[in-house]
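Note sheet for the following structure.
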Amino acid sequence: MQYVGGEKRAMGYKVDNAVIMVAGVSSRFAPVSYEKPKSLIEVRGEILIERQIRQLQEKGISNIILVTGYKSEQFLYLKKKFGLIIIENREYAVRNNHASIYAVREYLRNTYICSGDNYFSINPFEAEVGEAYYAALFASGKTDEWCLQTDENDFITGVRVGGENSWYMMGHVFWNETFSRKFVQILKEEYEKPETEGKLWEDIYRENLQQLKLKIRRYGNNEIFEFDSLDELRLFDDRYKIISGSAIMQKLASMLHCPEGELTGLKPVKGNGENVIGVTLVYDGNKYQYLYEKEQLTLMR
C-alpha cells in the first residue's frame with residue numbers, strides 16, 4: 001500500500017524533508033561561539049553541520065532547510081555546497097527556538113527537526129519512518145535534562161525538567177504530517193502572546209501533549225552527542241585539549257603565559273539584554289573575567 005502527497009505508506013511515512021536549526025547563539029560555548037556558530041566547529045575532522053547534512057543525504061533526504069539567525073552570513077556557503085534552502089530567523093535574539101519553527105512553518109510535513117550542533121556517531125536517519133518520535137538517551141542518576149514519561153505503547157505522556165534514572169530528550173525529532181499540521185496551528189495561535197517569546201518549541205509541545213502525539217525512540221549514550229561547553233568537547237575530541245582554533249582562546253593563553261588546555265571552567269558573561277559580552281575562566285586555581293570588546297582580563301577576588 002502506498003499513497004502520494006507525503007501520506008503514510010504501509011511501512012511508515014516517506015520523509016519529505018529535514019529542517020536543521022542553527023539560529024541560536026550557543027552562549028554556553030563561549031568564547032568559541034563569539035567568533036563562529038557552534039554548528040560550524042570541526043569535530044573529529046568534520047564540520048558538525050556538514051556531517052549531519054551528509055548523513056541526511058546518504059539516506060536520500062535531499063530537501064534540507066537550514067534555519068539561520070546568529071552570524072547567518074557564515075552559513076551561506078552551505079547553500080552552494082549542498083544545495084540547501086536557507087531561511088533566516090530574524091527574531092532569534094528576542095525569541096526562543098519556536099521562532100525557527102515558525103519561520104519554516106510552510107515546509108513542515110513528514111519532516112525531521114534537527115539541531116545543527118548534534119554529533120551522531122551512527123547515522124540515525126531513514127528515508128521512511130514508522131511513527132512520529134523524539135530521540136532519547138538514558139540518564140543514570142540525577143539529571144537536569146528534559147525527562148520523559150511514557151505509556152505501555154511508548155507514547156510520551158509527560159515531560160518534566162530534571163529527574164533521576166530517566167530517559168530524556170536528546171537529538172533529532174521526526175514529525176509526521178498530522179503532527180506538523182497540529183503543531184503549526186497551535187503555534188500560530190500562541191505566537192503573538194507575550195509569554196510565548198521565551199518558550200522552546202518543546203515547551204509548546206509539552207503543554208499540548210493530548211493533541212500532539214510523539215513516541216519515544218531510545219538510543220545508546222554513545223550514539224548522540226551534544227557539547228554545551230568547550231570543556232565538554234575536550235572530553236570527546238582530544239585536539240581541543242591542546243588548541244581550539246579560537247583567536248580569543250589564543251589571546252587568553254598568551255596573556256596568562258600558559259597552554260590553551262590549562263584554561264578551564266569557561267562560562268559566558270552576559271550584559272544587558274542577555275547579550276554575551278565576555279567569558280569567565282579558571283587557570284591555576286584562580287578565576288578570571290575577560291571582556292571581549294575591551295580585551296580586558298581581570299583576576300576575580
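Throughout, residue positions are numbered sequentially from 1 according to the sequence presented.
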hydrophobic_cluster_shared for [Y] and [X], side chain cutoff 4.5 Å:
X: M170; Y: I20; result: yes
X: M249; Y: V25; result: no
X: Y288; Y: L230; result: yes
X: I61; Y: I113; result: no
X: V282; Y: I248; result: no

Passing candidate, side chain to side chain donor-acceptor pair (under 3.5 Å) with N123, options E223, R54, E58, Q55: E58
Could you grab the distance from atom [atom1] of [X] to atom [atom2] of [Y], nearest 0.5 Å is fine?
X: E42; Y: R239; atom1: CD; atom2: CZ; result: 4.5 Å
X: N208; Y: K182; atom1: CG; atom2: NZ; result: 11.0 Å
X: K79; Y: I64; atom1: NZ; atom2: CD1; result: 14.5 Å
X: I87; Y: E106; atom1: CD1; atom2: CD; result: 10.5 Å
X: E262; Y: K241; atom1: CD; atom2: NZ; result: 13.5 Å
X: K213; Y: Y205; atom1: NZ; atom2: OH; result: 8.5 Å

Answer yes or no: is there a side-chain heavy-atom contact under 4.5 Å between [X] and [Y]?
X: L266; Y: P31; answer: yes
X: C258; Y: L263; answer: yes
X: D228; Y: K38; answer: yes
X: K14; Y: N110; answer: no
X: F183; Y: R105; answer: no
X: L66; Y: I49; answer: yes
X: T111; Y: I65; answer: no
X: V159; Y: M169; answer: yes

Should we count [atom1] of [X] as having more than 12 external heavy atoms under 6.0 Å?
X: R28; atom1: CZ; answer: no
X: N153; atom1: CG; answer: yes
X: R90; atom1: CZ; answer: no
X: K80; atom1: NZ; answer: no
X: K267; atom1: NZ; answer: no
X: Q210; atom1: CD; answer: no

Criterion side-chain contact (heavy atoms from CB on, under 4.5 Å) on I204 and I101, from CA distance to verdict: CA-CA 11 Å; I204 297 170; I101 299 295; over 6 Å; no
Option among Q52, K59, E126 that satisfies the side-chain contact (heavy atoms from CB on, under 4.5 Å) test with Y112: E126
[X] side chain to [Y] backbone, donor-acceptor under 3.5 Å:
X: K287; Y: G265; value: no
X: E88; Y: S72; value: no
X: R109; Y: E177; value: no
X: N89; Y: T68; value: no
X: Q74; Y: E35; value: yes

Aromatic ring proximity F120/F125, centre distance under 6.0 Å: yes
W146 ring center near Y168 ring center (under 6.0 Å): no
Under 4.5 Å side-chain linkage, directly or through intermediates, the cluster mates of I277: V269, L291
May I ask you to check whether [X] and [Y] show a side-chain donor-acceptor distance below 3.5 Å?
X: S39; Y: D117; value: no
X: Y102; Y: E91; value: no
X: T157; Y: D151; value: no

Quick one: sort the [X] and [Y] rings into parallel, tilted or perpendicular, breaks at 30° and 60°.
X: W201; Y: W175; answer: perpendicular
X: H98; Y: Y191; answer: perpendicular
X: Y133; Y: H172; answer: perpendicular

side-chain contact (heavy atoms from CB on, under 4.5 Å) between V15 and V129, worked out: CA-CA 7 Å; V15 177; V129 182; 3.7 Å; yes
What's the shortest heavy-atom distance between [X] and [Y], and which atoms?
X: A103; Y: V67; answer: CB-CG1, 4.5 Å
X: Y292; Y: A30; answer: OH-CB, 3.6 Å
X: E131; Y: F174; answer: O-CD2, 3.7 Å
X: A136; Y: L148; answer: CB-CD1, 4.0 Å
X: S121; Y: N222; answer: OG-O, 2.6 Å
X: D237; Y: R44; answer: OD2-N, 2.6 Å

Pi-cation contact, F138 with R218 (under 6.0 Å, within 45°): no
Verdict with supporting geometry, V276 and Y34, side-chain contact (heavy atoms from CB on, under 4.5 Å): CA-CA 8 Å; V276 179; Y34 182 74; 5.6 Å; no
Salt bridge present between D203 and R206 (N-O < 4.0 angstrom): yes
Test log, rule side-chain contact (heavy atoms from CB on, under 4.5 Å), inputs R234 and T264: CA-CA 10 Å; R234 285 168 168 169; T264 62; 3.9 Å; yes
